[in-house]
Amino acid sequence: MGRRIWDKWTGTEYPAGGVRPLPTTELREALLALNHRNVPFNVRHGRPEEKADLVADCEIPQVRLTLKTRMRLVPAKREVLVLEERWEPSPDSGRQYGRGGSKVYRQWEFRRGADGRRHKVETLRFDTRDVRDPLRTTVLRAGWTWRAVLFRY
């Protein structure tokens, strides 16, 4: 499989040409600064058992969804290795684990409209890209490569 096809399949993205890479400390500060914006997640320093420099946590209790994006900074290559994990309800009333990809979660309920008829109304919509996109944009604007990891971390 060619490199470009592999990169597209894994979700690897490169910064725009001519962007000067920021030092590691500035990239780390830029990612942590996302906490002060209106984003549905919290970026924190990773714990040793997580094998990550930074971790973005996101909880959506209405749909019992937990997202964790682990980021390992590789200064020598100016790239961020990213492992996206999610825990969501499974059909057998437990929780199932998944990695990568994007998914939209929705909740609906029926309400009476002005015409007196019942209408299906969306009460919750959450897209996992709402977590990934601000992180990825920050990394790319810093001149670093966003490299998704699928099989090992």
Side-chain angles (χ1 to χ4, degrees), residues 1-91 93-108 121-153:
M1 185 181 296
R3 181 181 175 113
R4 288 184 185 199
I5 294 172
W6 179 257
D7 285 347
K8 184 173 176 74
W9 187 69
T10 61
T12 298
E13 290 192 36
Y14 298 94
V19 176
R20 195 177 123 258
L22 293 178
T24 306
T25 54
E26 289 183 33
L27 173 61
R28 185 185 313 264
E29 289 170 8
L31 288 165
L32 289 168
L34 289 173
N35 290 333
H36 303 294
R37 296 191 181 169
N38 189 20
V39 293
F41 57 86
N42 181 48
V43 180
R44 61 176 173 78
H45 293 282
R47 295 185 294 270
E49 64 271 12
E50 291 173 314
K51 299 179 182 174
D53 296 308
L54 296 170
V55 177
D57 292 312
C58 179
E59 294 273 341
I60 309 296
Q62 299 94 324
V63 289
R64 293 183 20 211
L65 173 68
T66 302
L67 299 174
K68 182 185 282 192
T69 304
R70 294 193 277 167
M71 296 170 279
R72 185 182 301 162
L73 309 180
V74 183
K77 294 183 177 181
R78 294 287 192 231
E79 67 182 20
V80 178
L81 300 179
V82 180
L83 179 61
E84 296 175 287
E85 302 174 290
R86 76 175 165 267
W87 292 266
E88 60 190 343
S90 69
S93 74
R95 288 183 50 101
Q96 65 185 17
Y97 173 80
R99 285 186 178 178
S102 60
K103 192 170 181 179
V104 177
Y105 295 86
R106 296 178 175 177
Q107 277 189 343
W108 305 84
V121 178
E122 188 176 275
T123 58
L124 173 79
R125 179 185 177 95
F126 177 76
D127 189 333
T128 57
R129 289 175 288 200
D130 294 342
V131 174
R132 179 189 313 131
D133 290 351
L135 296 168
R136 183 180 56 207
T137 299
T138 302
V139 167
L140 295 174
R141 285 184 181 161
W144 287 53
T145 299
W146 174 271
R147 187 170 305 281
V149 177
L150 296 177
F151 303 112
R152 58 191 156 105
Y153 191 71

Point to revise | Residues that W87 engages under side chain to side chain contact (heavy atoms under 4.5 Å, CB included), provided they are two or more places apart | key: T66, K68, E85, R95, Y97
Revision key, fill the gap. T138 meets the side chain to side chain contact (heavy atoms under 4.5 Å, CB included) criterion, sequence neighbours left out, with A30, L31, L34
Review point. Is there a donor-acceptor pair under 3.5 Å between the side chain of R99 and the backbone N or O of L83?
Key: no
Exercise for review: Please confirm whether the backbone N or O of N42 pairs with a side-chain atom of D57, one donor and one acceptor, at under 3.5 Å?
Suggested key: no
From [X] [atom1] over to [Y] [atom2], what is the distance, rounded to the nearest 0.5 angstrom?
X: L67; Y: R86; atom1: CG; atom2: CZ; value: 8.0 Å
X: W146; Y: L135; atom1: CH2; atom2: CG; value: 5.0 Å
X: W144; Y: M71; atom1: CH2; atom2: CE; value: 12.5 Å
X: R47; Y: R70; atom1: CZ; atom2: CZ; value: 10.5 Å
X: E79; Y: R72; atom1: CD; atom2: CZ; value: 11.0 Å

Review point. Where is the tightest heavy-atom contact between V80 and V139, given as atom of each residue plus distance?
Key: CG2-CG1, 3.8 Å
Check your understanding: Looking only at heavy atoms, which two atoms of F41 and D130 are closest? And how far apart?
Key -> CE2-O, 3.8 Å
Review point. Could you go step by step and tell me if F126 and L65 meet the side-chain contact (heavy atoms from CB on, under 4.5 Å) rule?
Key: CA-CA 10 Å; F126 177 76; L65 173 68; 3.8 Å; yes
Check your understanding: Pairs in or reaching into residues 47-76: which pass ring pair (Phe, Tyr, Trp, His ring centres under 6.0 Å), with residues at least two apart or in two chains?
Key -> none
Could you work out, with salt bridge (charged side-chain N to carboxylate O under 4.0 Å, His left out) as the rule, every residue matching [X], not counting sequence neighbours?
X: R129; value: D127
X: K103; value: E88
X: R106; value: E122
X: R78; value: none

Study note, to complete from the structure: side chain to side chain donor-acceptor pair (under 3.5 Å) filter on T145, not counting sequence neighbours, yields none
**Study point:** R132 and T69, any side-chain heavy atoms less than 4.5 Å apart
**Key:** no
Review point. Does a side-chain N-to-carboxylate-O contact under 4.0 Å join E84 and R136?
Key: no
List the atom pairs, with distances to 0.1 Å, where a side-chain N or O of residues 15-29 and a protein N or O form a donor-acceptor pair under 3.5 Å, not counting sequence neighbours.
none

